[in-house]
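Hydrogens, waters and symmetry mates play no part in the numbers below; they use all other heavy atoms, side chains included.
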Amino acid sequence: MSTRSQLLALAAASAVVVCLGTPAVAQTTIKIGELNSYKAQPAFLEPYKKGMELAIDEVNAAGGVNGRKLELITRDDNANPGDAVRVAEELVTREKVDVLTGTFLSNIGLAVADFAKQKKVFFLAGEPLTDKLTWQGGNEYTFRLRPGTYMQAAMLVPEAAKLKKKRWAVVYPNYEYGQSA
């Protein structure tokens, strides 16, 4: 099982318990709304989805989180920020999810983070690397599971400096994550 997928599922569920862990809510299912670019990034995201489903099954088989079963509701965001916001709205209003999670692409993560801020709903971003998610565009409802571009650079630069090369080239994609990098 993917450790990142398991961590994502457990972190989202734990956030709900911390935020909503009152006795009156204790008997209900924790609904996790997950949106991602499944059609656009199938090689990465299908195993990711299977890992989350396996993690949810394992947590539920062990009694859930504080006695509450987890339910994962997934949607495809079509790698489009507008579609991602529409899907997030659907998950929150129609499906009544307790938390939002997922997003692979940075521009999608930023759109959902803005939605989370507006609607005051917890959002755990699983993959976006842009630092705007937690810095310039950050808000009290959005959290990121993995390190961003700043942390990756902080980790790599000291090792690169040890190589004592005179010239370096930085190659990055021309979209939000690449611009941040």
Side-chain angles (χ1 to χ4, degrees), residues 2-16 18-19 32-52 55 72-92 95 97-161 168-181:
S2 166
T3 303
R4 188 177 293 153
S5 297
Q6 184 177 28
L7 185 58
L8 181 64
L10 291 174
S14 297
V16 172
V18 169
C19 296
I32 302 169
E34 195 271 345
L35 58 150
N36 241 312
S37 305
Y38 291 107
K39 292 177 204 154
Q41 304 285 333
F44 179 78
L45 291 172
E46 281 305 316
Y48 172 88
K49 183 178 179 183
K50 286 179 176 32
M52 277 192 306
L72 182 65
I73 302 169
T74 61
R75 296 289 187 271
D76 195 300
D77 59 33
N78 296 314
N80 179 293
D83 287 353
V85 170
R86 180 188 52 76
V87 166
E89 179 72 42
E90 175 187 313
L91 286 166
V92 169
E95 298 292 344
V97 299
D98 298 296
V99 296
L100 291 171
T101 191
T103 69
F104 179 68
L105 302 170
S106 291
N107 62 333
I108 304 300
L110 288 170
V112 176
D114 185 58
F115 170 84
K117 178 182 175 183
Q118 291 176 31
K119 298 298 181 176
K120 298 180 177 167
V121 62
F122 181 92
F123 169 49
L124 178 64
E127 291 292 329
L129 290 170
T130 180
D131 287 319
K132 288 181 182 178
L133 191 69
T134 53
W135 290 7
Q136 302 96 320
N139 65 71
E140 63 187 307
Y141 300 97
T142 299
F143 299 84
R144 179 175 47 209
L145 185 61
R146 67 180 289 183
T149 52
Y150 177 83
M151 291 305 296
Q152 288 182 331
M155 175 183 67
L156 294 172
V157 168
E159 295 303 314
W168 290 93
V170 178
V171 179
Y172 56 87
N174 189 20
Y175 51 83
E176 174 49 45
Y177 155 66
Q179 297 297 323
S180 294

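In this structure, CG on Leu133 lies 8.5 Å from CG on Asn139, to the nearest 0.5 angstrom. One finds the CG atom of Asp98 at 9.0 Å from the CD1 atom of Ile73 (value rounded to the nearest 0.5 Å). In this structure, OG1 on Thr103 lies 8.5 Å from CG on Leu110, to the nearest 0.5 angstrom. Taking NZ from Lys50 and CG from Leu45, the interatomic distance works out to 11.5 Å, rounded to the nearest 0.5 Å. Distance check, rounded to the nearest 0.5 Å: CD of Glu95 to CD1 of Ile32 gives 13.5 Å.
Between the side chain of Ser106 and the backbone N or O of Leu129, at least one donor-acceptor pair lies under 3.5 Å. The backbone N or O of Lys39 lies less than 3.5 Å from no partner atom in the side chain of Asn78, so there is not a single donor-acceptor pair. Put simply, the side chain of Asp76 gets close to the backbone of Tyr38: a donor and an acceptor are under 3.5 Å apart. Counting only distance, with no hydrogens or angles, the side chain of Arg144 and the backbone of Thr130 share a donor-acceptor pair below 3.5 Å.
With contacts defined as side-chain heavy-atom distances shorter than 4.5 Å, the pair Val97/Val92 qualifies. You'll find the side chain of Tyr48 stays beyond 4.5 Å of the side chain of Gln41, heavy atoms only. In this structure, Val121 and Phe115 have side chains that are in contact, with non-hydrogen atoms separated by less than 4.5 Å. Two residues are said to be in side-chain contact when any heavy atoms from C-beta on lie closer than 4.5 Å; Thr142 and Lys117 fail this criterion. Between Leu124 and Leu100, the closest side-chain pair of non-hydrogen atoms is not below 4.5 Å.
Taking every heavy atom of both residues into account, Ala79 and Ile108 meet most closely at C-CD1, 3.5 Å. Residues Pro128 and Ala125 come closest through the heavy atom pair CD-CB, 3.9 Å. Pairing each heavy atom of Pro81 with each of Asn107, the nearest pair is CG-ND2, 3.7 Å. The two residues Leu105 and Ser37 have their closest heavy-atom pair at CD1-OG, 3.8 Å.
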Item to check | Stepwise salt bridge (charged side-chain N to carboxylate O under 4.0 Å, His left out) check, Lys49 with Glu34 | outcome: CA-CA 9 Å; Lys49 183 178 179 183; Glu34 195 271 345; over 6 Å; no

